[in-house]
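Presented below is the structure to which this report refers.
Every number for a ligand or one of its atoms is a count from 1 in the order of the listing.
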Amino acid sequence: MKFFLDTANLAEIKEILPMGVVAGVTTNPSLIAKEKQDIKAVIQEIASLTPGPVSAEVISTVFAEMLPEARDLAKLGDNVVIKVPVTVDGLKTVSALAAEGIKTNVTLVFSANQALLAARAGAAFVSPFVGRLDDISQDGIALIKDTADIFAIHDIETEIIAASIRHPLHVTQAALAGAHIATIPAKVLVALLNHPLTDAGIKRFLEDWEQAKK
Ligand code: E4P
């Protein structure tokens with residue numbers, strides 16, 4: 001499973017990228033709004049920094065407006081992927097963009113049927129939202145597993161991005177359930193490294209080293 005960063009914050013991206021584990025970035029309108037900057041400028045800069053796909057989401061909800069908006073976003077970088085909600089108009093947009101060679105990430109996926117339809121429309125990525133399902137007492141990880149099983153049975157190449165990841169356990173569970181990618185906030189990515197025995201081990205090694213010098 002690969003890691004994407006789920007953020008529109010340039011400082012976070014610049015801080016984390018040198019770790020060499022980030023294969024892409026996902027944004028959404030809420031994350032972009034937090035930055036209080038022009039969406040095009042933000043996406044362009046993220047795309048120039050990131051060595052992999054950068055998802056930028058359309059705001060329009062009707063096909064006639066989604067398609068030109070998506071084409072404009074796609075011009076912001078060769079690695080820009082268009083995030084489209086899983087609706088009738090969204091899938092029309094996915095299909096039209098696929099015919100033009102523009103990659104899409106179908107978002108707000110909450111059922112395996114939505115994921116299957118998105119894949120058949122030509123999506124490069126689908127984003128099942130784990131945390132938001134857990135929030136309403138449904139099993140977000142089960143959706144990742146069902147989608148991964150269905151895609152494997154039917155030889156579907158669309159990649160599954162486990163999205164709406166809230167904590168480190170979600171990451172392990174998404175990897176075991178067959179997600180190709182987990183898109184995670186910077187805070188959760190850094191938390192994956194935390195272990196009290198690692199901290200205690202470093203402390204003891206340094207103490208022993210200092211002791212030996214005496
Ligand atoms: C990424 O594609 C999603 O937009 C994001 O993971 C949603 O996360 P949230 O449910 O924590 O807002």
**E210, CD atom: more than 12 neighbouring heavy atoms under 6.0 Å** =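 More than 12 within 6.0 Å, yes.
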Within a radius of less than 6.0 Å around CG of D78, do more than 12 heavy atoms belonging to other residues, nucleotides or ligands occur?
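It does not: D78 CG has 12 such atoms or fewer within range.
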Are D208 and R204 close enough for a salt bridge, meaning some N to O gap below 4.0 Å?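 Between R204 and D208 there is no salt bridge, as every charged N stays at least 4.0 Å from the carboxylate O atoms.
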Side-chain ion pair, D72 and K75, N-O less than 4.0 Å:
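A salt bridge links D72 with K75.
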- Message: Just to verify, which of D6, N105, T26, T107 counts as forming a side-chain hydrogen bond (donor to acceptor under 3.5 Å, both in side chains) with S127?
- Response: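 Option passing the side-chain hydrogen bond (donor to acceptor under 3.5 Å, both in side chains) with S127: N105.
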| task | List for me each residue that meets side-chain contact (heavy atoms from CB on, under 4.5 Å) alongside D146, sequence neighbours excluded, and say none if there are none. | result |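 D146: side-chain contact (heavy atoms from CB on, under 4.5 Å) contacts with A112.
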Tabulation required: pairs of a nitrogen or oxygen in ligand 1 and a protein nitrogen or oxygen under 3.5 Å; columns are atom names and distance to 0.1 Å; otherwise 'none'.
from: ligand 1; atom 1: 2 (O); to: K83; atom 2: NZ; distance (Å): 2.6
from: ligand 1; atom 1: 4 (O); to: N28; atom 2: ND2; distance (Å): 2.8
from: ligand 1; atom 1: 4 (O); to: K83; atom 2: NZ; distance (Å): 3.1
from: ligand 1; atom 1: 6 (O); to: D6; atom 2: OD2; distance (Å): 2.6
from: ligand 1; atom 1: 6 (O); to: S164; atom 2: N; distance (Å): 2.8
from: ligand 1; atom 1: 10 (O); to: R132; atom 2: NE; distance (Å): 2.6
from: ligand 1; atom 1: 10 (O); to: R132; atom 2: NH2; distance (Å): 3.4
from: ligand 1; atom 1: 10 (O); to: S164; atom 2: OG; distance (Å): 2.7
from: ligand 1; atom 1: 10 (O); to: R166; atom 2: NH2; distance (Å): 3.1
from: ligand 1; atom 1: 11 (O); to: R166; atom 2: NE; distance (Å): 3.3
from: ligand 1; atom 1: 12 (O); to: R132; atom 2: NH2; distance (Å): 2.8

